[in-house]
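Note that ligands are numbered from 1 as they come in the structure, with each ligand's atoms numbered from 1 the same way.
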Amino acid sequence: MDDKERQGNPATNAALSRRGFLRAGAAVGAMAAGAGAARAQTQPDPLITEVQPWASGWGDGVDATPYGLPIEFEDDVIRRNVGWLTADTISSINFTPIHALDGTITPTGCAFERHHSGAIELKKEDYRLMINGLVDKPLVFTYEDLERFPRENRTYFLECAANSGMEWAGAQLNGAQFTQGMIHNMQYSGIPLRTLLEEAGITNLGDQIKDKWVYAEGADASSNGRSIPLEKALDDCLVAIKANGEALRKEHGYPVRLVVPGWEGNMWVKWLRRLEVTDEAVQSREETSKYTDTLADGTSRKWTWVMDAKSVVTSPSPQMPIKHGKGPLVITGMAWSGRGHITKVDVSIDGGANWQEARLAEPGTDKAVSRFYLEIDWDGSEMLLQSRATDSTGYVQPTKDALRAIRGENSVYHNNGIQTWWVKENGESENVEVSS
Ligand SMILES: Nc1nc2c(c(=O)[nH]1)N[C@H]1C(S)=C(S)[C@@H](COP(=O)(O)O)O[C@H]1N2
Ligand SMILES: [Mo]
């Protein structure tokens, strides 16, 4: 339904204006009641006393949207760009609206995308995956071949190493979507990479396996080639053919992408077309001049593959102001670690002076996003809101100052420092930093 149609539809108009009334009524109620998330009505509410348009006519038929999108009222929950960040949209990135999401699985249609030469259209019929190099039996698989191998279902986060990369020199972007939104968390159905490498006779390498590498390459013009130590390739990597139960979206690598759990997103090669077993790392562009960390002393650290534990409060946050005033407040966010699972998330409302343990919605799982909640009785005064993740290796998410002591300010990648939102008395918040 476009805007014109909506205006021309009296039923929807009535619904919208009554929704507005509900909001105004709720605000008055909140002030009168002071506390309590649910409150008694102080005046007659037409939403309760009158038959509403949606209850006195037909809804849409079942075939109105053969493949559904979110209802129009949610049309601000979308991927967004930061205009100045890249010169064009071909070699660019957008951001997951993590501020507005809940649970752990990222809805596929708003999961961030990052391409070096644009999202390509590659049909299953035209798809080939080659395994060559130091293998007994070089092989080429079609998509149908891949479907005949036993597959597994596993949920993992993918975080671009550049996530929070704009924040090294200080707080910059106002919104969790922009500061931490280069992440998605999906359930993948795929073939263990080990299975395909074994099919090509890799295990005949015996003891030498430790020193070998797999160079993974995509079918797009950039190819985004990355060298992965064979040990990791044989451990938990997947050649994924589905995400969140359906075919991969074009922008996420349809029809086949590599899943490299816990490691930087750049290694998760999309439109996967070739795996070459090599003696040494290839030293491609993406693993030398890019995705390398420059340290405080000006030298660069080679190969920081793992994404360390990180967390962020998604609400309240700059894009999610508190609208209900003081009283019961749900603080929520997400936490993840590339080294294991999340065991604990602490939340501070005073800039890290005091911490309270948040509630994990479910026990953490390996290399996947955990959801946390902390329910507080907000006294309406300003807060310096932070979250701090601990993972199953005992690693604790560092402050930004602690990170900078080692990394300096000229880094781009692997910024997992603690985020601070300055929540003001009016419920709005801003991206700030506190010294620690
Ligand atoms: N073939 C190919 N694979 C690629 C890329 C690319 O440009 N081409 N971008 C990489 C980078 S830098 C990241 S962060 C992830 C992004 O995955 P997404 O688009 O599913 O978010 O894919 C990686 N795989
Ligand atoms: Mo990336």
- Query: Between the side chains of Arg154 and Tyr156, does any donor sit under 3.5 Å from an acceptor?
  - Reply: yes
- Within the protein, residues bringing a heavy atom under 4.0 Å of ligand 1, chain by chain: Phe112, Glu113, Arg114, His115, His116, Leu158, Cys160, His184, Gly218, Asp220, Ser222, Asn224, Glu251, His252, Arg257, Gly265, Asn266, Trp268, Val269, Lys270, Trp271, Tyr291
- Task: Could you give me the CA-CA distance, side-chain angles and deciding distance for Arg79 and Thr96, then say whether side chain to side chain donor-acceptor pair (under 3.5 Å) is met?
- Result: CA-CA 5 Å; Arg79 298 187 276 230; Thr96 308; over 6 Å; no
- State whether Trp422 and Lys424 meet the cation-pi test: NZ (Lys) or CZ (Arg) under 6.0 Å from the six-membered ring centroid, and within 45° of the perpendicular axis. yes
- Kindly confirm or rule out a cation-pi arrangement of Arg404 over Trp168, judged by NZ or CZ under 6.0 Å from the six-membered ring centre and within 45° of its axis? no
- Task: Mind telling me whether Trp305 and Trp263 have parallel, tilted or perpendicular rings, with 30° and 60° as the class edges?
- Result: parallel
- Partner residues of Ser300 under the side chain to side chain contact (heavy atoms under 4.5 Å, CB included) criterion, sequence neighbours left out: Thr292, Thr294
